[in-house]
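Below is one structure; the comments refer to it alone.
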Amino acid sequence: MKNEQVSKLIYNFNKDSFQADLISWFNKEQRQLPWREDKDPYKIWVSEIMLQQTKVDTVIPYFARFIERFPTLNDLAAAEEQDVLKAWEGLGYYSRARNLQTAVKEVAASYDSKVPEDPKALGSLKGVGPYTKGAILSIAYDQPEPAVDGNVMRVLSRVLMIDEDIAKQKTRRIFEECVQEIISPNNPSAFNQGLMELGALICTPSSPSCLLCPVRQHCKAYAEGVQQDLPIKSKSKKQKKVEYFAFIVKDQTGRYLIEQRPEKGLLANLWQFPMAPFAETDEEHAAGWFEQVYGLKITINGKVDDIKHVFSHLIWDVTVMEATVEEGSLRTSQSKFVPSQELKDYPFPVSHQKMLKHAR
DNA sequence: AATGCGGGGCA
DNA sequence: TGCCCAGCATT
């Protein structure tokens, strides 16, 4: 979509009235949220990272614990990565946590521990993309920058009746151009947050509450009765299924074997119980596979669980087995035996938290 | 431009 | 079950 087409979209759109209606609604109806208690750019930043692809209700307890544990940017910069991951445990998309700490260290080292107000500097930080950059600049620093997330695309696709596919990367730029045209120069913070709050509370994906909407009279889709048909979004692919055995292995002193995952890829740097893909072995040869990989002879006592875990792009089906060590010494460097009471100090993905009940 | 990356809640 | 969620990095 070209620039002139965006101009055409907002031609004869009453933006002054739209801004006033949206902002007064937001000032009145906004939820009280922990990250709205002050304008500390560090806290705004943490909240925006946590909120990526994650619901507000999920984030609230994590945000509270995280800020209690790392109250300032310098506290986070100085922390051990394992402690940061532990604070993120269960929230998902763990590269967010590692990127955030990388970026915070950069701010401490290069920007005197002050979150940059310069868009280019801010946007170059690890994990800070177009949305997060705009959110921090507008909410913490009152700059009239667009902050286009899924809510904003849904709301504006209806208000301006835009039928571009919001699943496509480049579509975001169209909405950014629209926001630049209609954003309130006086209160960009309330304007951007108002669009998102409207998307979360009123202009919902299914059955939007148009009769309660403060900007209904500005909404082209409502006028045409097509609000249910927007936004347009192409379908995502189905997840692939992968099957594993997992081993809850206890040694003679009652400690359990865990290992750290690789530093890149799925669940990077998190800890887990050893796993064997079905592609590499079967139930009959599992003990042999284990000895070959870990250097330990084990006795498998039996299957104790079957865990199905759904990711955004794949599905794990994990057959959990209990085993005891007979002899041998550990071959891999990233694995170790840990007393059961210390398991809680390691960050586990949720799939393996479900197995913890078999280890104590 | 397409894919990898988590986990929870809801119709 | 499928969809959606205050997206970003990598290829």
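So that the names make sense, note that chain A is the first sequence line, chain B the second, and so on, each numbered from 1.
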Whole-Å gap separating C1' (dC4(C)) and NZ (Lys238(A)): 18 Å

Leu51(A) CG - dA6(C) P separation (whole Å): 8 Å

ring-ring contact (aromatic ring centres under 6.0 Å, His included), paired with Phe63(A), selected from Trp45(A), Trp88(A), Trp35(A), Phe70(A): Trp35(A)

Residues forming a side-chain hydrogen bond (donor to acceptor under 3.5 Å, both in side chains) with Ser340(A), sequence neighbours excluded: none

Results of side-chain hydrogen bond (donor to acceptor under 3.5 Å, both in side chains) for Thr204(A) - residues two or more places apart only: none

Mutual orientation of the aromatic rings belonging to His352(A) and Trp316(A) [parallel < 30°, tilted 30-60°, perpendicular > 60°]: perpendicular

Remaining members of hydrophobic cluster (4.5 Å side-chain criterion), Tyr222(A): Leu211(A)

Length of the line joining Ile166(A):CD1 and dA6(C):P, which is rounded to integer Å: 11 Å

N/O (side chain, Ser206(A)) to phosphate O (OP1/OP2, dC3(C)) under 4.0 Å: no

Members of residues 55-73 of chain A that approach DNA chain C, where some heavy atom sits under 4.0 Å away: Lys55(A), Val56(A)

Pair Gln52(A)-Tyr131(A), side-chain donor/acceptor within less than 3.5 Å: no

Start and end of chain A contact along DNA chain B [non-hydrogen atoms, under 4.0 Å]: dA1(B) to dG8(B)

Touch class at under 4.0 angstrom, heavy-atom based, for Tyr131(A) against every strand present: base

Euclidean distance, atom CD1 of residue Ile49(A) to atom C1' of dA6(C) [Å, nearest integer]: 10 Å

Which residue lies more 5' along DNA chain C, comparing Lys133(A) with Arg154(A) via nearest heavy atoms: Arg154(A)

Sugar-phosphate, base or nothing in reach of Trp35(A), heavy atoms under 4.0 Å: base

Partner set under side-chain hydrogen bond (donor to acceptor under 3.5 Å, both in side chains) for His313(A), not counting sequence neighbours: none

Whole-Å gap separating P (dC5(C)) and CG (Leu33(A)): 17 Å

Short side-chain N/O contact from Gln52(A) to OP1 or OP2 of dA6(C), under 4.0 Å: no

Short side-chain donor-acceptor distance under 3.5 Å, Thr253(A) and Asp251(A): yes

Rounded interatomic separation in angstrom, taking CZ from Arg98(A) and P from dC8(C): 17 Å

Side-chain donor-acceptor contact under 3.5 Å, Ser138(A) with Glu145(A): no

Interface with DNA chain C, restricted to residues 228-237 of chain A and to heavy atoms under 4.0 Å: Lys233(A), Lys235(A)

Expected output: side-chain Gln82(A) to main-chain Pro347(A) donor-acceptor under 3.5 Å: no

Sugar-phosphate, base or nothing in reach of Ser95(A), heavy atoms under 4.0 Å: nothing

Span that lies between the C1' atom of dG9(B) and that of dC8(C), in whole angstrom: 23 Å

Span that lies between the P atom of dT3(B) and that of dC3(C), in whole angstrom: 16 Å

Flag, side chain of Arg154(A) to backbone of Cys203(A), donor-acceptor distance under 3.5 Å: yes

Residues touching DNA chain B, which here means a heavy atom under 4.0 Å, drawn from residues 345-360 of chain A: Pro349(A), Val350(A)

Most 5' of Gly123(A) and Ser312(A) on DNA chain C, judged by nearest nucleotide: Ser312(A)

Under 4.5 Å side-chain linkage, directly or through intermediates, the cluster mates of Ile315(A): Val310(A)

Distance, P atom - from dT11(C) to dG6(B), rounded to whole angstrom: 15 Å

Between dG8(B) and dA9(C) - C1' atom distance, rounded Å: 23 Å

Charged tip of Arg65(A) within 45° of Tyr62(A) ring normal and under 6.0 Å: yes

Apart from Phe290(A) itself, residues in the same hydrophobic cluster as defined by side-chain heavy atoms under 4.5 Å: Phe245(A), Phe247(A), Val249(A), Leu257(A), Phe278(A), Trp289(A), Val293(A), Tyr294(A), Leu296(A), Ile298(A), Ile300(A), Met321(A), Val325(A), Leu330(A), Phe337(A)

Distance in angstrom units between Leu314(A) CG and dT1(C) P, rounded: 17 Å

Check: Gln19(A)/Asn186(A) side-chain N/O donor and acceptor closer than 3.5 Å: no

Which residues share a side-chain contact (heavy atoms from CB on, under 4.5 Å) with Lys336(A), sequence neighbours left out: Trp271(A), Val338(A), Tyr346(A)

Residue-level proximity of residues 261-279 of chain A to DNA chain B when a heavy atom falls under 4.0 Å: Gly265(A), Leu266(A), Leu267(A)

Interatomic distance where NE2 belongs to His313(A) and P belongs to dC3(C) [whole Å]: 17 Å

Test log, rule side-chain contact (heavy atoms from CB on, under 4.5 Å), inputs Val115(A) and Leu122(A): CA-CA 7 Å; Val115(A) 180; Leu122(A) 184 58; 4.0 Å; yes

Distance-only donor-acceptor check, side chains Thr72(A) and Asp75(A), under 3.5 Å: yes

